[in-house]
Amino acid sequence: MNLNASIIDQRLAGVQDDIREWAAFELNVADPGRLKPLAFAYLCVKTMLDLDPRDAFDCLTDGGGDFGVDAMQVSEEADGEFAVTLFQVKYKAKLDADANFEENGIQALVNAIRHIFNPNADLGAINDRLRAKVEEARGLVRDGCIPRVRAIACNNGLKWNDQAQKMIDLAAFGDDQVTWEHVNHDVLIGILQRPKQVDDTLRFIGRANVEDMNFSRVCIGRMPVAEVADLMRSHGDRLLERNIRRYLGLHGNRINEGIQKTLQSDSSSNFYFFNNGLTLVCTDFSYNALQSSDYQVRVENLQIVNGGQSCMTILKTAKLLESQGKSLPGDASVLVRLYKLPKGNEDIVFQITQATNSQNPVDLKDLKSNDAIQHQLETSIQLLGFTYRRKRFDGSPRPADITAGAAAEAILAVWRNAPHQAKFLTREHFGKLYVTVFPDTVNGAQVVLAVLVYRIAENHRRRPVQPDPPLVRYASCFIAMRMGQRLLKDLNRPLNDVNHLCFIQAQQLIEERGESYFRDSVSDIEVALKNLYRDEQVSTLQLSATFRRGDLIQKLLALPL
């Protein structure tokens, strides 16, 4: 028995409890023989994509007609490109971990990639849950966006064999558009294990400036990129625990591709001038102050809060050059800002992270979690009997839990008449749209009611029932918007007057009339679609594209309630 495989198997007992209700309700999976492999797929998705529990489960497409894809995530479009992650998952009850990932699984993924991103290819009999995701990806392709595909083969055994690798090579998708990864128990354990404190020595070159200020210490200098690569090789992701961004990869990311090109070009000696540099924090550092240059700085509890993208790209470039018998250029260096900060001062770390991150998009939910409005909502919502999760947390959310991300999506859809932005501009909910979502006038009652309304529409999207039409899988945000309008009509008050004083009445209306609101709102969507397409037959691809845009909103608002 393999120890790591056994640890993951034990962990799946708790994971099954976390997803049991969702699995039964949305995927008709209750049998333990099916639930355990599903729990493994969920664990792989959640761990590899670093998603909240609900978002991770929504990626699962396992079941009849899954087209060889057990989970799929489609990102938002950015700079004419979008990322798609496909999972093929195999889990064996035997825990020897000595079996290769199955060849037929790799072949299924190859076939899936060939068909999913070709809008003209027939998908055959795939399940509706997967079809909705495929049509979303195809809609982006039809709009001229380029897909960047990450194919992940997951099992509790060994990587695929040489024959399976030949299938990948013969597919000839190109490494710039499709990347392949193998994830097993060892990879999962490596990610899930609690990181140890990083203590090491940083080797600066040339002169450096060290200054004490405000009970802290600052060192600004240069490090060779080869030293950065060695640092990342030694400690890896443990250095990035306080860096709020995950590595964005090389392919499809212009900043990281530019870093690699510079390091491989004749202008590598100018790398220092082209890169924004690294920002590091630690609890203490020491050096030989009698030296005038080339300091060796001993650091304790080191973390990278800005520049993680550069560091990972430098490491990957070093490995690429090593495979070619080369090494990183010795004259390439990078600016380093090293801050010794007071212990336990989390706020200043967040502030430094927010101020210094400027090259690639950040997860703004984390940065906004300490805003005054977020603290106020946390208190207000708690008084209503719910828990507002303004920061990310582990574990499965309870019905009384409301995450900041779910709140933003619900508010935009239900109260702001922006359902298309709620669904397809999630990266801006805590960025450009933040003031729209969370103005000074928003209160806890409005947030909770929006989420309760939105959950009804989302539950139907995840598990349609008779007589739900196909559009339910694509139009949940639009339906929720119309449901919110009906709630305000029954309350006989505008949104600005919705507060804790009418919360109980509104909550009772949702409980008593929520399904009626849903059915009537679906009918409104059907009428609006007929007005838009003039009674023409609408395909699922058209449906997916329609609800990414806002041209249906005015037709909906024009309909009487």
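Residue numbers count from 1 along this sequence.
Remark: Arg549 CZ is packed, more than 12 non-hydrogen atoms of other residues, nucleotides or ligands lying under 6.0 Å away. Within 6.0 Å of the CG atom in Asn492, the count of heavy atoms belonging to other residues, nucleotides or ligands does not exceed 12.
With respect to the salt-bridge test (charged N to carboxylate O, under 4.0 angstrom), the residues Glu26 and Arg129 qualify. Ion pairing between a basic and an acidic side chain is recognised when a charged N comes within 4.0 Å of a carboxylate O; Arg34 and Asp31 show no such pairing. A salt bridge links Asp143 and Arg548; the closest N-O separation between the charged side-chain nitrogens and carboxylate oxygens is under 4.0 Å. Salt bridge status for Arg148 with Glu81: present, with a side-chain N to carboxylate O gap under 4.0 Å.
Donor-acceptor pairing under 3.5 Å is recorded for the side chains of Glu135 and Thr540. Using a 3.5 Å distance cut-off with no hydrogens or angles, the side chains of Tyr454 and Asn459 do not pair a donor with an acceptor.
Taking the ring centroids of Phe547 and Phe424, they lie at or beyond the 6.0 Å cut-off.
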Report task. Might you work through the side chain to side chain contact (heavy atoms under 4.5 Å, CB included) test for Leu188 and Cys44, ending with a clear yes or no? Result -> CA-CA 7 Å; Leu188 294 175; Cys44 291; 4.0 Å; yes

Query - Verdict with supporting geometry, Val141 and Phe82, side chain to side chain contact (heavy atoms under 4.5 Å, CB included) - result: CA-CA 9 Å; Val141 171; Phe82 67 101; 3.9 Å; yes

Report task. Apply the test side chain to side chain contact (heavy atoms under 4.5 Å, CB included) to residues Ile553 and Met481: give CA-CA distance (whole Å), side-chain angles for both, the deciding distance (0.1 Å), then the verdict. Result -> CA-CA 9 Å; Ile553 295 175; Met481 178 188 76; 4.3 Å; yes

Requested in this report: Determine, step by step, whether Ile146 and Gln177 satisfy the side chain to side chain contact (heavy atoms under 4.5 Å, CB included) criterion, reporting the C-alpha distance in whole Å, the side-chain angles of both residues, the deciding distance to 0.1 Å, and the verdict.
Outcome: CA-CA 9 Å; Ile146 299 173; Gln177 195 155 4; 3.9 Å; yes

Query raised in the report: Where do Asp524 and Arg486 land on the salt bridge (charged side-chain N to carboxylate O under 4.0 Å, His left out) test, with the steps shown first?
Result: CA-CA 12 Å; Asp524 289 345; Arg486 286 189 157 82; 2.8 Å; yes

Report task. For Arg416 and Thr436, run side-chain hydrogen bond (donor to acceptor under 3.5 Å, both in side chains): C-alpha distance rounded to whole Å, both residues' side-chain angles, the deciding distance at 0.1 Å, then the answer. Result -> CA-CA 8 Å; Arg416 307 291 184 248; Thr436 301; over 6 Å; no

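Counting only heavy atoms from C-beta outward, the side chains of Arg150 and Glu181 approach each other to under 4.5 Å. Side-chain atoms of Ile456 and Leu452, non-hydrogen and from C-beta on, never get closer than 4.5 Å to each other. Annotation: side chain of Phe87 is not in contact with side chain of Leu109 (no heavy-atom distance under 4.5 Å). A heavy-atom distance below 4.5 Å is not found between the side chains of Val45 and Gln73. Counting heavy atoms from C-beta on, the side chains of Leu509 and Leu491 come closer than 4.5 Å. Within the 4.5 Å cutoff, the side chain of Pro469 has heavy atoms near those of the Glu526 side chain. With contacts defined as side-chain heavy-atom distances shorter than 4.5 Å, the pair Leu130/Met72 qualifies. Contact check for Gln446 versus Ile411: no side-chain heavy atoms found under the 4.5 Å cut-off.
Among residues at least two apart or in separate chains, there is no ring-ring contact (aromatic ring centres under 6.0 Å, His included) pair with a member in residues 128-149. Applying the ring-ring contact (aromatic ring centres under 6.0 Å, His included) test to every pair with at least one member in residues 369-392, sequence neighbours left out, gives no pairs at all. Listed by first and then second residue, the ring-ring contact (aromatic ring centres under 6.0 Å, His included) pairs that reach into residues 486-538 are His460-Phe518, sequence neighbours excluded.
Between Glu103 atom CD and Met167 atom CE the span is 4.5 Å, to the nearest 0.5 Å. Here Lys530 contributes atom NZ and Leu532 contributes atom CG; the two are 13.5 Å apart, rounded to the nearest 0.5 Å. Note that NE2 of His420 and CG of Asp551 are 9.0 Å apart. Values are rounded to the nearest 0.5 Å. How far CD1 of Ile510 is from CG of Leu487: 5.0 Å, rounded to the nearest 0.5 Å.
Taking the ring axis of Trp22 as reference, the NZ or CZ atom of Arg54 stays within 45° of it and closer than 6.0 Å to the ring centre.
The two atoms that bring Leu449 and Gln507 nearest to each other are CD2-N, 4.0 Å, heavy atoms only. Summarising the geometry of Ala121 relative to Arg138, their closest heavy-atom pair is O-NH2, 2.8 Å, with the distance given to 0.1 Å. In plain terms, the two heavy atoms of Ile373 and Pro439 that are nearest each other are CD1-O, 4.0 Å. Residues Leu557 and Gln485 come closest through the heavy atom pair CD2-NE2, 3.0 Å. Closest of all the heavy-atom pairs between Ala112 and Phe67 is CA-CE2, 3.5 Å. Here the closest heavy-atom approach between residue Asn443 and residue Ala445 is recorded as OD1-N, 3.1 Å.
Judged purely by atom type and a 3.5 angstrom limit, Glu76 uses its side chain to pair as donor or acceptor with the backbone of Arg427. Checked by atom type and distance alone, the side chain of Asp58 never pairs as donor or acceptor with a backbone atom of Asp55 at under 3.5 Å. For the pair Glu77 (side chain) and Gly80 (backbone), a donor-acceptor distance under 3.5 Å is present. At least one donor-acceptor pair under 3.5 Å links the side chain of Gln542 to the backbone N or O of Ser539. Not a single donor-acceptor pair under 3.5 Å links the side chain of Arg390 to the backbone N or O of Leu377. Judged by distance alone, with hydrogens and angles left aside, the side-chain atoms of Asn155 form no donor-acceptor pair with the main-chain N or O of Lys92 at under 3.5 Å. For Lys489 (side chain) and Leu561 (main-chain N/O), a donor-acceptor pair under 3.5 Å exists by modelled atom type. The backbone N or O of Gly68 lies less than 3.5 Å from a partner atom in the side chain of Gln88, making a donor-acceptor pair. Between the Asp468 side chain and the Val465 main chain, a donor and an acceptor come within less than 3.5 Å of each other. Between the Thr61 side chain and the Val69 main chain, a donor and an acceptor come within less than 3.5 Å of each other.
Trp160 and Phe101 have perpendicular rings, their planes meeting at more than 60° on a 0 to 90° scale where under 30° would count as parallel. In this pair, Phe57 and Tyr42 present their aromatic rings tilted. The plane angle is within the 30 to 60° band.
Listed by chain and residue number, nothing satisfies the salt bridge (Lys or Arg N to Asp or Glu O under 4.0 Å) test with Asp440 (two or more places apart in sequence, or in another chain).
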Using atom types as modelled, flag every donor-acceptor pair under 3.5 Å from a side chain in residues 113-120 to any protein atom, sequence neighbours excluded.
{"from": "His115", "atom 1": "ND1", "to": "Asn111", "atom 2": "O", "distance (Å)": "2.8"}
{"from": "Asn118", "atom 1": "OD1", "to": "Asn120", "atom 2": "N", "distance (Å)": "3.1"}

List the atom pairs, with distances to 0.1 Å, where a side-chain N or O of residues 472-479 and a protein N or O form a donor-acceptor pair under 3.5 Å, not counting sequence neighbours.
{"from": "Arg473", "atom 1": "NH1", "to": "Arg461", "atom 2": "O", "distance (Å)": "3.1"}
{"from": "Ser476", "atom 1": "OG", "to": "Glu458", "atom 2": "OE2", "distance (Å)": "2.7"}

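In summary, of the residues considered (Val414, Ile402, Asp401), a side chain to side chain contact (heavy atoms under 4.5 Å, CB included) with Val451 occurs for Ile402 alone.
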